Amino acid sequence: MDPDAQVVGPEEWGWSGYLYSGYDQQYGSSHGWSSLPDRTAHGNMDYLPWLLDQLRRTNIATGQRILDVFTVHYKVLSGTTRCCERH
């Protein structure tokens, strides 16, 4: 690995990825959304703020930055919303 490379992430596919871990998304879709194991284990925090806090804690503990750029995006899927359509 290039020691000067910047590590960029995470990338999520949509809003639910900001709020729920991948495990909770799978669990919730199969078992209902009233009880989510990761969210419960993480103090009921939304996923991305929890992840940022974990990265910060690891950086402090190890003295090494794990992630250089925290990036997320959302792509509106065609036909799913009228907010962004041009008339």
Side-chain angles (χ1 to χ4, degrees):
M1 182 166 151
D2 182 348
D4 296 321
Q6 287 196 329
V7 178
V8 177
E11 287 298 333
E12 288 294 342
W13 65 275
W15 284 111
S16 58
Y18 300 174
L19 305 174
Y20 307 110
S21 70
Y23 178 70
D24 279 352
Q25 291 177 59
Q26 291 179 357
Y27 187 90
S29 68
S30 298
H31 299 93
W33 295 92
S34 62
S35 176
L36 303 171
D38 275 351
R39 190 174 187 91
T40 299
H42 302 148
N44 207 36
M45 287 182 71
D46 289 340
Y47 175 63
L48 289 185
W50 175 83
L51 179 61
L52 271 173
D53 185 56
Q54 295 304 300
L55 293 168
R56 180 188 64 82
R57 290 172 186 251
T58 301
N59 291 348
I60 291 169
T62 65
Q64 294 181 334
R65 180 177 282 182
I66 295 173
L67 191 67
D68 297 301
V69 179
F70 188 86
T71 178
V72 295
H73 70 275
Y74 180 75
K75 180 179 180 185
V76 176
L77 300 176
S78 176
T80 60
T81 183
R82 293 192 53 85
C83 74
C84 305
E85 294 177 6
R86 294 179 188 216
H87 298 280

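Computed from a prediction, not measured in an experiment: that's the story for all the values here.
Taking each heavy atom of Q64 and N59 in turn, the nearest pair found is O-OD1, 2.9 Å. In this structure, Q25 and S16 approach most closely via the heavy-atom pair OE1-OG, 3.3 Å. Of all heavy-atom pairs between Y27 and S35, the closest is CE2-O, 3.2 Å.
Applying the salt bridge (Lys or Arg N to Asp or Glu O under 4.0 Å) test to residues at least two apart or on different chains, none of the pairs has a partner in residues 18-36.
A donor-acceptor contact shorter than 3.5 Å links the side chain of S29 to the backbone of Q26.
Cluster annotation: L67 is not connected to V69 through the hydrophobic network of ILVMFWY side chains, with a link wherever side-chain heavy atoms come within less than 4.5 Å.
Scanning for ring-ring contact (aromatic ring centres under 6.0 Å, His included) contacts around Y18 gives W15, with sequence neighbours left out.
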Please report, to 0.1 Å, the donor-acceptor pairs under 3.5 Å made by any side chain of residues 45-55, with sequence neighbours excluded.
residue: D46; atom: OD1; partner: R39; partner atom: NH1; Å: 3.1
residue: D46; atom: OD1; partner: R39; partner atom: NH2; Å: 2.6
residue: D53; atom: OD1; partner: R56; partner atom: NE; Å: 3.3
residue: D53; atom: OD1; partner: R56; partner atom: NH2; Å: 2.8
residue: D53; atom: OD2; partner: R57; partner atom: NE; Å: 2.7
residue: D53; atom: OD2; partner: R57; partner atom: NH2; Å: 3.3

side-chain contact (heavy atoms from CB on, under 4.5 Å) between D68 and V8, intermediate numbers included: CA-CA 6 Å; D68 297 301; V8 177; 5.9 Å; no
